[in-house]
Protein chains: 2
Amino acid sequence: MTSIFHAADANQLLADLPVAERDAFIATCETVQLTFGEVLYQPTQQVTHAYFPIDSFISQIAILVDSRLEVAMAGREGMLGISLVLGVEEAPLLALVQGEGQALRINAANFQRLLLSSPVLHQRLKRYLYVVMNQLANSAACIHFHRIEERLARWLLMTHDRAKTNTLQLTHEFLAMMLGVRRAGITLAAIALQTRGLIRYHRGEIIIIDRQGLIEASCKCYADDCALYSKMLIL
Amino acid sequence: MTSIFHAADANQLLADLPVAERDAFIATCETVQLTFGEVLYQPTQQVTHAYFPIDSFISQIAILVDSRLEVAMAGREGMLGISLVLGVEEAPLLALVQGEGQALRINAANFQRLLLSSPVLHQRLKRYLYVVMNQLANSAACIHFHRIEERLARWLLMTHDRAKTNTLQLTHEFLAMMLGVRRAGITLAAIALQTRGLIRYHRGEIIIIDRQGLIEASCKCYADDCALYSKMLIL
DNA sequence: CGAGTTATGTACGCTAGCGTGCCGACGCTT
DNA sequence: AAGCGTCGGCACGCTAGCGTACATAACTCG
């Protein structure tokens with residue numbers, strides 16, 4: 001296990017807890033390595049653990065009969081298994097590891113017990129839950145109204161925030177699944193962003209060149225999401 | 001104020017509470033009359049009250065810069081002001097009264113105090129919150145993938161469940177705003193549903209003729225929503 | 001009754017994105 | 001070095017839905 005100090009700092013939801021609560025919490029967690037493509041939850045299945053990503057990140061995907069759509073993403077700023085905060089041990093969404101790395105993992109029963117003994121953590125996670133709900137609601141509108149190009153820019157920014165590098169391992173195929181569009185649609189949008197000098201890409205690798213430009217190319221939803229998170233969860 | 005018995009029975013979230021908790025809760029509420037078009041919350045504004053609709057129902061609408069989209073609906077099966085359950089006194093969405101009628105209203109401070117003293121209610125509302133989150137996530141996908149006609153059918157069913165009558169007061173204009181599409185788009189979808197003998201309509205009034213047929217015409221999202229609600233909140 | 005307002009029908013050209021399929025290029029494996 | 005699987009560019013015709021605009025038709029109010 002990594003040092004407590006390091007691990008504590010590594011997840012934003014845990015970082016600013018009172019030392020005693022934080023250490024108690026982290027002592028109950030184990031550090032796990034998540035690998036690309038790993039499925040942490042299947043919808044309607046039982047949630048046995050909550051995850052607090054350190055340097056990994058995870059897409060949460062709604063599944064209709066035959067279509068899939070990413071509706072939320074969790075990295076070191078968030079957590080997985082929020083339904084446990086509501087006392088529900090069922091996963092609503094498919095959780096797919098999109099960025100490899102480590103995460104703190106805690107079993108459901110311990111997690112729920114610790115929530116009761118740590119009001120500060122509990123409150124903080126409820127606020128996070130509020131943020132996520134908001135993002136879900138706004139995402140619905142964003143996905144409906146905004147163009148692929150804007151949505152792609154937003155998505156790259158969200159991923160960039162959670163990965164530590166400018167180089168993202170992503171195929172057009174994968175992006176198409178995330179955004180719920182055709183692969184060819186992604187190709188066109190990617191060409192547009194590359195032509196504008198905002199990204200560069202090549203065979204399963206996308207490099208963020210001009211982050212500020214990407215923000216301008218994305219819909220306001222990106223900035224709104226960030227603003228809400230800061231408002232609710234940054235001290 | 002209506003009789004406690006009547007009022008208790010009238011909102012599904014409160015109906016099955018232990019008698020003592022229920023009566024304590026309802027005694028703290030006032031019954032208010034909501035009128036069509038009334039705005040209960042503006043996004044980012046402070047939430048001063050929670051509402052438990054009795055025979056009214058309310059649309060919750062996400063607002064982007066220049067577009068609006070209904071993302072959730074609350075009637076006697078639900079509540080408004082769920083963010084208070086999370087200890088957040090801010091409204092994320094525009095809450096617009098869409099069906100006139102009564103609701104129980106409770107002030108935010110009292111509500112939060114009573115939550116602490118009524119674990120059963122608290123748990124029940126957390127489960128409701130889980131259901132709403134799920135609906136938000138699925139709605140995002142539904143809105144993205146499904147046709148106007150299917151979505152319209154679904155929306156009419158949801159409204160029909162919350163209104164008590166087969167006759168709904170709705171203009172195409174209003175429906176267009178709810179679904180985030182053109183008025184003309186609604187007209188076409190409505191014509192299709194009418195031609196199939198599922199609804200009949202005329203100048204601001206839509207009559208549900210064949211509920212079962214509407215269910216078949218709607219996307220599965222309607223049935224899924226209902227199933228989840230039952231699973232989580234019907235004893 | 002007549003004027004104004006509101007709700008619905010319809011039509012026009014337009015655009016984003018779809019489904020599909022094909023090709024070439026890259027890079028890994030052997 | 002050859003072969004194969006993966007990735008991305010591109011092109012085809014097609015559809016849903018857009019923005020707009022205009023015409024009825026139905027109610028409302030004076």
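It should be emphasised that the depicted structure is a prediction, and the values quoted were computed from it without experimental measurement. Numbers restart at 1 for each chain; the letters A, B, ... are given by sequence-line order, proteins then strands.
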Sort me out a list of protein N/O and nucleotides 28-30 of chain D N/O pairs below 3.5 Å, or just none if empty.
none

d([atom1], [X]; [atom2], [N]) in whole Å:
X: Arg183(A); N: dG9(D); atom1: CZ; atom2: C1'; result: 7 Å
X: His172(A); N: dG24(C); atom1: NE2; atom2: P; result: 20 Å
X: Leu179(A); N: dC18(C); atom1: CG; atom2: P; result: 10 Å
X: Gln194(B); N: dG9(C); atom1: CD; atom2: C1'; result: 12 Å

Which residues pass the side-chain contact (heavy atoms from CB on, under 4.5 Å) test with [X], not counting sequence neighbours?
X: Gln46(B); value: Glu89(B)
X: Arg196(A); value: Glu149(A), Leu198(A), Ala217(A)
X: Ile148(B); value: Val181(B), Ile186(B), Ala189(B)
X: Thr195(B); value: Ile191(B)

Who are the side chain to side chain donor-acceptor pair (under 3.5 Å) partners of Gln98(A), not counting sequence neighbours?
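Residues passing side chain to side chain donor-acceptor pair (under 3.5 Å) with Gln98(A): Ser59(A).
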List in chain and number order the residues that pass side chain to side chain donor-acceptor pair (under 3.5 Å) with Lys220(A), two or more places apart in sequence or in another chain; answer none if no residue qualifies.
none
Do the side chains of Glu205(A) and Arg200(A) get close enough for a salt bridge, i.e. N-O under 4.0 angstrom?
no
Can you list, in residue-number order, the parts of residues 202-211 of chain B that come under 4.0 Å of DNA chain D, counting heavy atoms only?
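His202(B), Arg203(B), in order of number.
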Protein-nucleic acid N or O pairs under 3.5 Å, nucleotides 11-17 of chain D:
unit_1  : atom_1 : unit_2    : atom_2 : d
dG17(D) : OP1    : Ile148(B) : N      : 3.1

Hey, could you give me each pair passing ring pair (Phe, Tyr, Trp, His ring centres under 6.0 Å) that has a residue in residues 178-213 of chain B? Not counting sequence neighbours.
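For residues 178-213 of chain B, and leaving out neighbouring residues, the ring pair (Phe, Tyr, Trp, His ring centres under 6.0 Å) pairs sorted by first residue read His172(B)-Tyr201(B).
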So, Asn11(B) side chain and Pro53(B) main chain: donor-acceptor pair closer than 3.5 Å or not?
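Yes; at least one donor-acceptor contact below 3.5 Å.
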Examine the side chains of Asp161(B) and Tyr222(B) and answer whether a donor and an acceptor come within less than 3.5 Å of each other.
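Side chains of Asp161(B) and Tyr222(B): pair found under 3.5 Å.
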Tell me whether the OP1 or OP2 atom of dA26(D) has a side-chain N or O from Tyr201(B) closer than 4.0 Å.
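For Tyr201(B), the contact criterion (side-chain N or O under 4.0 Å from OP1 or OP2 of dA26(D)) is not met.
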Taking it one step at a time, do Tyr51(B) and Leu34(B) satisfy side-chain contact (heavy atoms from CB on, under 4.5 Å)?
CA-CA 10 Å; Tyr51(B) 295 82; Leu34(B) 305 180; 4.2 Å; yes
Check salt bridge (charged side-chain N to carboxylate O under 4.0 Å, His left out) between Arg154(B) and all other residues, then give those that pass, not counting sequence neighbours.
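Checked Arg154(B) against salt bridge (charged side-chain N to carboxylate O under 4.0 Å, His left out); matches are Asp225(B).
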Axis deviation across the helix from dC1(C)-dG30(D) to dT30(C)-dA1(D), five-pair ends, to the nearest 10°
30°
